[in-house]
Enquirer: 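Below you will find the structure I want to go over with you.
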There are 2 protein chains.
Amino acid sequence: MARPPGHGPGYEIKRQEIIDTAAMLFSEKGYAATGITEIGDTVGLAKGALYYYIKSKENLLVEIQERVLDPLLAAAGKIQDLDASPVVKLRLLSEELLTVIFERLDHIWVYEHDYRQLTGDNLTRMLARRQEFENVVRSLLVAAMDEGFFRKTNPSLTVLQFLNMHNHTYQWVRPGQQWDAKFLSKTYCATLFTGFADGSCDLEAIEAQVATFQS
Amino acid sequence: MARPPGHGPGYEIKRQEIIDTAAMLFSEKGYAATGITEIGDTVGLAKGALYYYIKSKENLLVEIQERVLDPLLAAAGKIQDLDASPVVKLRLLSEELLTVIFERLDHIWVYEHDYRQLTGDNLTRMLARRQEFENVVRSLLVAAMDEGFFRKTNPSLTVLQFLNMHNHTYQWVRPGQQWDAKFLSKTYCATLFTGFADGSCDLEAIEAQVATFQS
DNA sequence: GTCTATAAAAAGATAGAC
DNA sequence: GTCTATCTTTTTATAGAC
């Protein structure tokens, strides 16, 4: 992030453009199958010039992961601090997650497929941040059980069902067609909340409260 | 499958062993990031000997995809022909899908991540077979709506929810620990069927019928 | 800031000795 | 049936001219 001293203001702009390009190519062909030369060609730079902007190929992968995790964890933190019921928070978190998936679909492909190619500290740090996000989901699901919205079931398995449903969306979704993040979130949560519910679940009341936080 | 004439009976056995090894390595490091030399080293053969058994690296990928799709489509065909309600069939198909995921976890990693690296006809054929499986799921979900088990909703989105829930399981499941395919299938279907249901959904009655087909 | 040239290693695949 | 040697291409990354 911090740009090395001695570079002009255009440096960081071009750097971000290179990461954009890398994310696009990695998502299409996979990280390992994409060459540095190909990134250079696409962005219009020879290899030598490219390395003026990037540290290494792996570093590009790190930055792509951060572009996914940064907004996700920021949103999770804000939602946790709201004065709302856990089901409303889950519905808001669901929509944020799907929004990130819609807005950075190519990044998500790389995020889901190539994170295991990170090495050493890069891998460790990234896995810890992923866990952080999962912990937020878990705490909200447990709160929903404690407050009687959901049946008491194994929290781990409930987290995984919630995440399965959302995190596989990147495989087939086409932003701009048919459905948007809000609609998918409403649909997923309707299915999940009813399935998790203890008796019945007033979906309309949840949506009404969600709207007050989004206006 | 058909072994070239002029080879002994050990030929096919070793060939299958090589595919096993490739699936393991591809699942750990990714298809593109795994070298032919590495496969040879792991299986105990030099490159020259390895190519005595395989046609090309891509061909290994094709065979791994087939090892997933063959049992999946065979099971789907059998289940479709059963004399049972669509929800029972869905529950049986769910368990078969999860069974394949449990039994061939390394294959599933490759199946989910690296299928896009297939080229030409290999890619076309494989995508068609995937579609075939999805069509079976869709027809069962539509039948469940028509017969009043589920609310009438967009069939495409219902298929995708069903598949999201199941197909993301490979990311975190550890066979032999905690849960097995049957338990996960019961849990997923309980959530999904209740969420999809038109009014209420007699989960116990479904499980009782499922048991009659599995004894 | 961008280029060409080059290094140094590794890739997939083949030929031919044994 | 397995090996070594080789071919050809490509890889990530650097050096140094402009």
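Worth knowing before you read on, the calculation uses all heavy atoms, side chains too, and leaves out hydrogens, waters and symmetry mates. Lettering of chains follows the sequences in order, A, B, ..., and the numbering in each one begins at 1.
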Enquirer: Give one of base, sugar-phosphate or nothing for K55(B), where a contact means two heavy atoms less than 4.0 Å apart.
Expert: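 Touches nothing.
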Enquirer: Assess the side chains of Q16(A) and R67(A): does a donor N or O sit below 3.5 Å from an acceptor N or O?
Expert: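 Yes, a side-chain donor-acceptor pair sits under 3.5 Å.
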Enquirer: Let me know the distance between CD of E38(A) and P of dT11(D), rounded to the nearest Å.
Expert: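 In whole Å, dT11(D) P lies 8 Å from E38(A) CD.
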Enquirer: Looking at every strand, decide which applies to G35(B) at a 4.0 Å heavy-atom threshold: base, sugar-phosphate, or nothing.
Expert: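 Sugar-phosphate, no base atom in range.
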Enquirer: Could you tell me if the side chain of D106(B) sits less than 4.5 Å from the side chain of F26(B), heavy atoms only?
Expert: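 No, too far: nothing below the 4.5 Å cut-off.
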Enquirer: Starting from C1' on dA11(C), measure out to OH on Y31(B) and report it in whole angstrom.
Expert: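 Taking atom C1' of dA11(C) as the reference, OH of Y31(B) is at 12 Å.
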Enquirer: To the nearest Å, give me how far apart CG (L50(B)) and C1' (dT4(D)) are.
Expert: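 Result: 15 Å.
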Enquirer: Among the nucleotides dC3(D), dG1(C), dT12(D), which one has an atom lying closest to any side-chain atom of Y53(A)?
Expert: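 The listed nucleotide nearest to Y53(A)'s side chain is dG1(C).
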Enquirer: What is the separation between atom CG on L45(A) and atom C1' on dA13(D), rounded to the nearest whole Å?
Expert: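 Roughly 16 Å, once rounded to whole Å.
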Enquirer: Just compare dC3(D), dT12(D), dG12(C) and give me whichever is closest to any side-chain atom of I36(B).
Expert: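 Output: dG12(C).
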Enquirer: Does dG1(D) have its OP1 or OP2 closer than 4.0 Å to a side-chain nitrogen or oxygen of Y52(B)?
Expert: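 Yes, such a contact exists.
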Enquirer: With the side chain of K57(B) defined as its heavy atoms from C-beta on, choose the nearest nucleotide among dT2(D), dT2(C), dG12(C).
Expert: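 For the K57(B) side chain, the nearest candidate turns out to be dG12(C).
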Enquirer: Confirm from the modelled atom types if K47(B) and dT14(C) form a donor-acceptor pair under 3.5 Å, side chain to base only.
Expert: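 For K47(B), whose side chain was compared with the base of dT14(C), there is no donor-acceptor pair (under 3.5 Å).
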Enquirer: Is any side-chain nitrogen or oxygen of Y51(A) closer than 4.0 Å to OP1 or OP2 of dA13(D)?
Expert: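 Indeed, a polar side-chain atom of Y51(A) lies that close.
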Enquirer: Determine whether Y11(A) and Y53(A) make a side-chain contact, defined as any pair of heavy atoms from C-beta on separated by less than 4.5 Å.
Expert: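 Side-chain contact under 4.5 Å: yes.
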Enquirer: Just compare dG1(D), dT4(C), dT2(D) and give me whichever is closest to any side-chain atom of A46(A).
Expert: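 Of the options given, the side chain of A46(A) lies nearest dT4(C).
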Enquirer: Is the distance between the ring centroids of F196(B) and F149(B) under 6.0 Å?
Expert: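 No - the distance between ring centres of F149(B) and F196(B) does not fall below the 6.0 Å cut-off.
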